[in-house]
S.K.: 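Before anything else, here's the structure in question.
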Amino acid sequence: MKDIVNQIADSRTITLEQLSHLLTTDDRDTIQYLFDRAHATAQQHFGNKIFMRGLIEISNHCKNDCLYCGIRRSQKDVHRYRLTKEEILDCCEQGYALGFRTYVMQGGEDGWFTDDRMCDIVATIRQKYPDCAITLSLGERNHESYQRLFDAGANRYLLRHETADPAHYAQLHPAEMSFEHRMRCLQDLKAIGYQVGCGFMVGSPYQTVHTLLKDLQFISNLQPQMVGIGPFIPASNTPFHDRPAGSVETTLRLLSIIRLILPPVLLPATTALGTLHPRGRELGILAGANVVMPNLSPRDHRKDYSLYDNKLCTGDEAAECRVCLDRRIRTTGSELVVDRGDAPTTTCGV
Ligand code: SAM
């Protein structure tokens, strides 16, 4: 059965049969071999370095109504906030002192952050921290907007594709949101020259092995520099509040498979993984992940960015707890580094 893992690693592709087998098998030897091979592949490309990104959750206002999301616009019991430019710059300052060299500004699709406002923030960070990478994760915008933000100094953009199957996309999103537009955004971002991240939730409602295969094929074709996957976790008061959470084990297996089909990719061990398992992020690293994204947002707003129930926000995932995180990562034989952590240039498709 280890042959399957070797075939995937050698061909950098996966078939429906191989995927079904790897997601369902109880054969621990095969799965351990999958994890080990993926971990070794990450080490070939990045040594034992784990990159950290400082996550700044700039706003939980959102015009969208994604059925799974705890900050969707229909959610009435969310305390809405948006950070000021000064608050964002404070986060950057604290992050720099803690050793962060990548800032990830993430938020709901909040119309307050117009291109002018966002470009001003990006340009100020770019000027103050020329040695840092600026990553944006602000959802769908138009080509001109992405171009302006890039010209202002942003380097990377995370936009999970959520699912590469149009029918599945329609089951996760209201009719006003379009699969084609999300795909267009990813193509635009790539064409502009961003280092691009896509991704999906593991175990989202209606996900099947067929939709997952499409996700993997999509990733293979797009050749993104980053792929963010984490388990779906139900959020109270959303249409999917009573759906089961995605499984940690399946997430780990998929992390490994992604590492094997796209060896130089930057692959976070996500907060959602850490939320479902006390050692989720360490297990993610042992399965081939090489990025962690501690929270740099102001403490008093963290609980409001509640994408799902019980989201970690005050423990080791907090940026201030860098020492605890360091200690955790060392248990995997790897170490956190002070580094921008760019994707290897030889493999950049953009
Ligand atoms: N608005 C931006 C966007 O659409 O890309 C960024 C913010 S959005 C909240 C970030 C990601 O959170 C989504 O891409 C989604 O995959 C994830 N997410 C939302 N709800 C979730 C849930 N219930 N469980 C796990 N992940 C979730």
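Just so you know, residue 1 is the first one in the sequence shown, and it goes up from there. Every number for a ligand or one of its atoms is a count from 1 in the order of the listing.
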S.K.: Establish whether atom 8 (S) of ligand 1 and some protein heavy atom are separated by less than 4.0 angstrom.
M.R.: no

S.K.: Give a yes/no verdict on whether any heavy atom in Tyr305 is under 4.0 Å from an atom of ligand 1.
M.R.: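 For ligand 1, residue contact (heavy atoms, under 4.0 Å) with Tyr305 is present.
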
S.K.: What atoms of ligand 1 come within less than 4.0 Å of a heavy atom belonging to Leu159?
M.R.: 5 (O)

S.K.: Heavy-atom contacts with Glu162 under 4.0 Å: which atoms of ligand 1 show up? List them by number with element.
M.R.: 13 (C), 14 (O), 15 (C), 16 (O)

S.K.: Looking only at atom types and distance, does a side-chain atom of Gln207 sit under 3.5 Å from a main-chain N or O of Gly203, one as donor and one as acceptor?
M.R.: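 Confirmed, Gln207 side chain pairs with Gly203 backbone.
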
S.K.: Looking only at the side chains, is there a donor atom on one of Asp151 and Gln147 sitting less than 3.5 Å from an acceptor on the other?
M.R.: yes

S.K.: Determine, considering heavy atoms only, which of Gly246, Gly107, Gly70 sits nearest to atom 6 (C) of ligand 1.
M.R.: Gly107

S.K.: For atom 5 (O) of ligand 1, what's the nearest protein heavy-atom neighbour? Residue, atom name and distance, please.
M.R.: Arg182 NH2, 3.2 Å

S.K.: Test Gln195 against every option in Lys190, Arg156, Gln225 by the side chain to side chain donor-acceptor pair (under 3.5 Å) rule and name the one that passes.
M.R.: Arg156

S.K.: Counting non-hydrogen protein atoms only, what is the nearest one to atom 18 (N) of ligand 1? Give residue, atom name and distance.
M.R.: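 Checking every protein heavy atom, the shortest distance to atom 18 (N) of ligand 1 gives Met201 SD, 4.0 Å.
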
S.K.: Can you report which non-hydrogen protein atom sits closest to atom 22 (C) of ligand 1, along with the distance?
M.R.: Ile233 O, 3.4 Å

S.K.: Under 3.5 Å, is there a donor-acceptor pair linking the side chains of His79 and Asn60?
M.R.: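 No pair is found: no donor N or O on one side chain lies under 3.5 Å from an acceptor on the other.
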
S.K.: Ignoring hydrogens and angles, tell me if any N or O in the side chain of Thr41 forms a donor-acceptor pair with the backbone of Pro263 under 3.5 Å.
M.R.: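 No, the answer is negative, given that no donor and acceptor are paired below the 3.5 Å cut-off.
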
S.K.: Look at atom 25 (C) of ligand 1 and find which of Cys69, Gly230, Pro231 reaches it with the closest heavy atom.
M.R.: Pro231

S.K.: With a 6.0 Å cut-off (strictly less than), is the heavy-atom count around CD of Gln7, excluding the residue itself, greater than 12?
M.R.: yes

S.K.: Validate the cation-pi geometry between Arg243 and Tyr68: distance from NZ or CZ to the six-membered ring centre under 6.0 Å, angle to the ring axis within 45°.
M.R.: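 Ring-cation test returns no.
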
S.K.: For atom 11 (C) of ligand 1, is the nearest protein heavy atom closer than 4.0 Å?
M.R.: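 No, no protein heavy atom sits under 4.0 Å from atom 11 (C) of ligand 1.
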
S.K.: For atom 20 (N) of ligand 1, what is the nearest protein heavy atom, given as residue, atom name and distance?
M.R.: Tyr68 CD1, 3.4 Å

S.K.: Do the numbers put Arg53 on top of the ring of Tyr103, so that NZ or CZ is under 6.0 Å from the six-membered ring centre and no more than 45° off the axis?
M.R.: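 No, a cation-pi geometry is absent between Arg53 and Tyr103.
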
S.K.: Can you report which non-hydrogen protein atom sits closest to atom 17 (C) of ligand 1, along with the distance?
M.R.: Arg160 NH1, 3.8 Å

S.K.: Parallel, tilted or perpendicular: which one describes the rings of Phe232 and Phe240, with boundaries at 30° and 60°?
M.R.: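 Ring orientation, 0 to 90° scale: perpendicular.
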
S.K.: Which of the numbered atoms in ligand 1 are under 4.0 angstrom from any heavy atom belonging to Ser137?
M.R.: 6 (C)

